[in-house]
Chemist: 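Quick one: this structure, given as structure tokens, is what I'll be asking you about.
Note that ligands are numbered from 1 as they come in the structure, with each ligand's atoms numbered from 1 the same way.
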Amino acid sequence: MALQTPLAREFPGAIDAKHFVDRTVEMLTPHGFDADNTLGCVGLCRDELTRPLVDHVVQAWGEAFDFSSLGAFPTLGRTGFAAARSHAPTIHGRDRLLILSMPHIGIDRDGRLGWSNRPGQTEATTACGAIAAVINECATGPVNQELDVLDPEQSLLRRRLCQLLPDQDLVGLGIAELTRVIRKAGLDDLERLIADADMERYDYAVFSGVQLHTPDGELVWLADAYVVVSGSRIALQ
Ligand SMILES: [Zn+2]
């Protein structure tokens with residue numbers, strides 16, 4: 001059980017990705033959400049490892065608006081969020097959104113968290129590679145927090161992480177705890193976008209967690225889940 005121990009310790013209760021998406025349907029059906037009246041919005045990392053979860057969401061909820069970025073922060077911003085909102089179906093005067101916000105972490109065949117064995121490669125690579133790159137930069141010297149127009153997402157991720165934690169904490173926290181911290185920060189950023197928007201005609205659900213890539217399959221660790229119906233927030237867990 002060497003592969004399971006770090007995951008079970010760091011992300012207790014993680015469930016199969018398909019099961020997670022099935023659960024979103026079960027949790028939201030009583031609140032009037034279905035595939036015909038809801039637009040999925042999927043905020044993951046750009047990494048191709050994250051795609052199986054997107055595929056499950058599309059199968060259950062239909063085509064989804066892509067909120068994804070390096071590190072899974074909602075860098076689509078006000079304009080991207082407005083576009084997603086304008087694409088949602090309008091049924092009896094209500095529009096509905098299902099929003100996933102999840103950074104990711106791999107575990108390789110040797111049980112190392114933060115690494116993943118990719119098809120066709122003999123050596124494991126980092127996952128999330130964007131987050132690992134920031135940690136390495138913090139470990140080796142002062143980090144440039146300027147916006148780089150040739151590297152916009154990574155420079156925004158770098159700035160956001162450096163604002164979140166001192167360099168030594170970014171390096172020393174451990175990849176699992178750091179991913180959980182980033183998960184919460186990504187949710188905070190998403191909720192700021194939502195608070196900035198006119199949501200009067202929208203009912204929406206938010207699922208915030210961490211995507212886990214294991215040699216045995218895709219898992220989701222769910223941390224926060226709620227639905228807002230006619231302005232009232234209802235916990236889903
Ligand atoms: Zn990533």
Chemist: Please verify the inter-ring angle class for Tyr226 with Tyr204; under 30° counts as parallel, over 60° as perpendicular, anything in between as tilted.
Modeler: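 Correct class here is perpendicular.
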
Chemist: Kindly write out the residues that satisfy side-chain contact (heavy atoms from CB on, under 4.5 Å) with Asp196, not counting sequence neighbours, or none if the list is empty.
Modeler: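 Testing Asp196 for side-chain contact (heavy atoms from CB on, under 4.5 Å), a comparison that skips the adjacent residues, returns Arg78.
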
Chemist: Ser68 vs Asp66, test: side chain to side chain donor-acceptor pair (under 3.5 Å). Steps then yes/no.
Modeler: CA-CA 5 Å; Ser68 298; Asp66 193 356; 2.8 Å; yes

Chemist: For Asp189, what residues pass the side-chain contact (heavy atoms from CB on, under 4.5 Å) criterion, not counting sequence neighbours?
Modeler: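 With sequence neighbours excluded, Asp189 shows a side-chain contact (heavy atoms from CB on, under 4.5 Å) to Phe73, Pro74, Arg160, Arg192, given in chain and number order.
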
Chemist: What pairs meet the salt bridge (charged side-chain N to carboxylate O under 4.0 Å, His left out) rule with one or both residues in residues 50-62, with sequence neighbours excluded?
Modeler: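 Counting only pairs at least two positions apart or across chains, no salt bridge (charged side-chain N to carboxylate O under 4.0 Å, His left out) contact touches residues 50-62.
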
Chemist: Please confirm whether Arg180 makes a cation-pi placement over Phe11, using NZ or CZ under 6.0 Å from the six-membered ring centre and within 45° of the ring normal.
Modeler: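 Yes, a cation-pi geometry holds between Arg180 and Phe11.
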
Chemist: What protein N/O/S atoms are found closer than 2.8 Å to the Zn ion (ligand 1)?
Modeler: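 You should have found Cys45 SG, His104 NE2, Cys128 SG.
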
